[in-house]
Amino acid sequence: MNNKLNNGFNTWQKSFEKETKKNFSDSKSETDEGIDIKPVYTKDDLENFSFVESNSLPGQWPYTRGPKASMYTNRPWTIRQYAGFSTAEESNEFYKKNLESGQKGLSVAFDLPTHRGYDSDDDLVMGDVGKAGVAIDTVEDMKILFNNIPLDQMSVSMTMNGAVLPVLASFIVAGEEQGVDRSLLSGTIQNDILKEFMVRNTYIYPPEPSMKIVADIIEFTSKEMPKFNSISISGYHMQEAGADNVLELAYTLADGMEYVRAAISKGLDVDDFAPRLSFFFAIGTDFFMEIAKLRAARTLWAKIMKDFGAKNERSLILRTHCQTSGVSLTEKDPYNNIIRTSYEALSAILGGTQSLHTNSFDEAIALPTDESARIARNTQLILQNETGVTKTVDPLAGSYFVENLTEELSKKAWDIITEIEELGGMTKAVKAGIPKLKIEESATKKQAKVDSGSRVVVGVNKYKNPKEPLVDVRVIDNNRVRDDQIKKIQAIKESRDTKAVDKALTNLTNAAKDETNLLIPCIEAIKLRATVGEVSKALEQVYGRHFAKSLSVSGVYGKHFEGDKEFMKVESKIKEFENVNGRRPRVLVVKMGQDGHDRGAKIVATSFADMGFDVDMGPLFQSPKDVAKDAIENDVHAIGVSTLAAGHKTLVPELMKGLKEIDPKSKIIVFVGGIIPEQDYEFLYENNVSAIFGPGSNIIESAEKVIDLISDNLSKE
């Protein structure tokens, strides 16, 4: 530091201490990522960087400032809206309206049965068909989905991992039957199975065969589909599951390294496929941290790919899609979500994303309506056309704070990547459950901060709205959708060549036993009108179906409430219950149907356990009958149902029915938490649900209500 700057800094420090009544050394605040944020930064904070090169330019190594020299000054980011619901016909109409209103690319959301490789007529998925995405059972559904949408002109992104083979095959065949050669198809298939084992849980097969499928798709598309991105390496779902930005960044890039190795194992040169790798990051509410994360991601990926021997510049460049946070959306005072989404979107833009999806404000309540989707889309149009953010490249470059934050994120993420590599790579780390537990620990810490009030969420734990608005929601008639899909499946099975389909499926099963690229026989089966479920089962004969073990953290939530009166009050009630009844109150926390998003369930389970409940965590993908059986056999006092995929109006009544069928005198109470529109509360209460906890509910308050309900219920016996 030169004398002039040094004197100026010392003067500022004295002023700061006087104004804040704090010592400068004690004034740092720590982020979720463990990064100390100072109240002021100077040019000295730009010295001795290991990763960030402060003098680099956009479009030049190490691409910190952006993958292209011109960035948005030449072409704005692509506006995408992730959408899909009900039938292919309804989703198609929704897509066409969005495209007419300025959307530039399609991002398809599939329903949970499709993700998990089940047809709509399977009894296991009766509550999930068409609920959290569009139902695709055959190529005919895919053709309807893109009816009058020219696939040689439209970029299509598909979030699909578990049933990636039949879904991608259906897209290819739909394009060809539309008259579009596969070489002209553009877009992205997510094809990121490792993060499914970590957080999202829409897997089908075990890790090793799942990784072969990933490699097969990279190999096929690199040779046959030069305009198509073979994989979207996704950190988004990690942050949604509770990962902080360092964990999201490190695990996403570590996943990418594993996929590069898988592709190389197929005999491909890194430059044959690396230019078509893409990424997908979440953008949360920590404005500058998210900007720095995208800059750090490009910086680290360039280094990683250089170490893999990439020579093509395009192989070194990390290109990414971003989506604003879903978990930051609140059911309470939901119009605040419009503001949250707006600055999250701006953060992604200032970080240099290539495409962007903005969430609708009502998605913490239900599927978005046409009007809420329009507001979300217009958020991007306003940012593109009214704010001036497209006029210059990386406008925050040179900021002492942003550059320092980029370096700190890079260093911390690199340390984690190094640890993963020392374990033998991400596949081995995932099998050991290490990333999953780290993310769950992070999620629990975040929830504890909100519940304790140390992290302010406007409208939830501070500045609450005394008059909560009732928001109109999109309602999906699950029974109608399922009936329609079943009729379509039946019609196709009656009209197709059954012997030819059976032969094609047998060929696919045999191909799974050797090194054949599985997408090739899969395309042939789909052409003959094999269903998504049939293709998945043909592979399942060889690979089996994966069932994860439930692991959970302990003590993390309670640690934040030592000495807290409300926390101790619940502990006291639980101890009193134990003294009276000879055992602790026992709660079974479950997910039902095909919804694998278990962040909420895991947080409830670990926090309730920290307060003294005896907690059982049910396995994923249980049927209501399975849950009822487990609850009665384990003699629980209450069942906590976590629901995020809108299946509660089907699955909860089935659970109640199952309890009564097994034990007509059952006194087990049921409480439900998750994304539930207020309009559905009466229905659930009529079906004997004892309590409902929406997004943003305080867990300590919820736990007190549950122990009171259990105690009152037993006192009536």
> Do Asp394 and Arg295 meet the salt-bridge criterion of a basic N to acidic O distance under 4.0 Å?
Replying inline: yes
> Can you tell me if Asn404 uses its side chain to pair, donor with acceptor, with the backbone of Tyr400 under 3.5 Å?
Replying inline: no
> What closest approach, in Å, do Ala601 and Lys591 show between heavy atoms, and which atom pair accounts for it?
Replying inline: CB-CD, 4.0 Å
> Is there a donor-acceptor pair under 3.5 Å between the side chain of Asp610 and the backbone N or O of Phe608?
Replying inline: no
>> Is the shortest side-chain heavy-atom distance between Thr320 and Trp301 below 4.5 Å?
In response: no
> What is the minimum heavy-atom distance between His560 and Val556, and which atoms define it?
Replying inline: CD2-O, 3.3 Å
> Given Glu371 and Arg374, is the salt bridge (charged side-chain N to carboxylate O under 4.0 Å, His left out) satisfied, shown in steps?
Replying inline: CA-CA 5 Å; Glu371 185 61 24; Arg374 179 177 175 273; 3.7 Å; yes
> Do Met71 and Gln354 pass the side-chain contact (heavy atoms from CB on, under 4.5 Å) test, and can you show the C-alpha distance, the side-chain angles, and the key distance before you say yes or no?
Replying inline: CA-CA 9 Å; Met71 289 300 289; Gln354 279 60 73; 3.9 Å; yes
>> Under a 3.5 Å distance rule, please check whether Glu407 uses its side chain to pair with a backbone N or O of Phe51 as donor and acceptor.
In response: yes
> Is there a donor-acceptor contact under 3.5 Å from the side chain of Thr606 to the main chain of Ile603?
Replying inline: no
> If you round to the nearest 0.5 Å, how far is OG1 of Thr159 from CZ of Arg200?
Replying inline: 6.5 Å
> Got a second to check how far Lys559's NZ is from Ser554's OG, nearest 0.5 Å?
Replying inline: 12.0 Å
> Which heavy atom of Val471 sits nearest a heavy atom of Pro334, and at what distance?
Replying inline: CG2-CG, 3.6 Å
> Taking atom CD1 of Ile439 and atom NZ of Lys195, what is their separation to the nearest 0.5 Å?
Replying inline: 11.5 Å
> Which distance, rounded to the nearest 0.5 Å, do you find between the OG of Ser278 and the CD1 of Ile233?
Replying inline: 7.0 Å
> In terms of heavy-atom contacts, does NZ of Lys446 have more than 12 from other residues, nucleotides or ligands at under 6.0 Å?
Replying inline: yes
> What do you reckon, is OH of Tyr463 surrounded by more than 12 foreign heavy atoms closer than 6.0 Å?
Replying inline: no
> So, Asp111 side chain and Thr114 main chain: donor-acceptor pair closer than 3.5 Å or not?
Replying inline: yes
>> Tell me if a side-chain donor or acceptor on Asn161 pairs with a main-chain N or O of Asn191 at a distance below 3.5 Å.
In response: yes
> Do any pairs count as a salt bridge (charged side-chain N to carboxylate O under 4.0 Å, His left out) and have a residue in residues 334-359, sequence neighbours left out, and if so which ones?
Replying inline: none
>> Given 3.5 Å as the limit, does a donor-acceptor pair link the side chain of Asp451 with the main chain of Asn698, or not?
In response: no
> What residue among Phe279, Phe281, Phe280, Tyr251 forms ring-ring contact (aromatic ring centres under 6.0 Å, His included) with Tyr236?
Replying inline: Phe280
> Can you pull the salt bridge (charged side-chain N to carboxylate O under 4.0 Å, His left out) pairs that have at least one residue in residues 453-473, sequence neighbours excluded?
Replying inline: Asp32-Arg455
> Between Glu408 and Thr406, is there a donor-acceptor pair closer than 3.5 Å when you use the side chain of the first and the backbone of the second?
Replying inline: no
>> Regarding Lys293 and Glu290, does a basic nitrogen lie under 4.0 Å from an acidic carboxylate oxygen?
In response: yes
> Are Asp128 and Arg116 close enough, and set up right, to give a salt bridge (charged side-chain N to carboxylate O under 4.0 Å, His left out), and what steps lead you there?
Replying inline: CA-CA 11 Å; Asp128 294 309; Arg116 295 267 294 144; over 6 Å; no
> Are Glu701 and Lys705 within salt-bridge range, i.e. N to O under 4.0 Å?
Replying inline: no
> Closest approach of Met154 and Leu99, non-hydrogen atoms and distance?
Replying inline: CE-CD2, 3.7 Å
> Mind checking whether Met160 and His115 have side chains closer than 4.5 Å, heavy atoms only?
Replying inline: yes
>> Tell me the closest heavy-atom pair linking Pro435 and Met426, and the distance in Å.
In response: CG-CE, 3.9 Å
>> Using every non-hydrogen atom in the two residues, find where Pro67 and Gly352 come nearest and quote the distance to one decimal.
In response: CD-O, 4.4 Å
> Sequence neighbours excluded, which residues qualify as side-chain contact (heavy atoms from CB on, under 4.5 Å) partners of Ile204?
Replying inline: Ala163, Ser536, Arg545
>> Strictly distance-based, threshold 3.5 Å: is any side-chain N or O of Glu331 a donor or acceptor partner for the main-chain N or O of Phe693?
In response: no
> Got more than 12 heavy atoms from elsewhere within 6.0 Å of NZ, Lys332?
Replying inline: no
> What's the spacing between Thr64 OG1 and Leu294 CG if we round to 0.5 Å?
Replying inline: 12.0 Å
> Do the ring planes of Tyr203 and Phe197 sit parallel (below 30°), tilted (30 to 60°) or perpendicular (above 60°)?
Replying inline: parallel
>> Any side-chain to backbone donor/acceptor pair from Asn337 onto Leu329? Under 3.5 Å, distance only.
In response: no
>> How long is the straight-line distance from CD1 of Ile420 back to CG of Leu253, given to the nearest 0.5 Å?
In response: 11.5 Å
>> Within the 3.5 Å criterion, strictly below it, is a donor on Ser234 or Asp192 matched to an acceptor on the partner's side chain?
In response: no
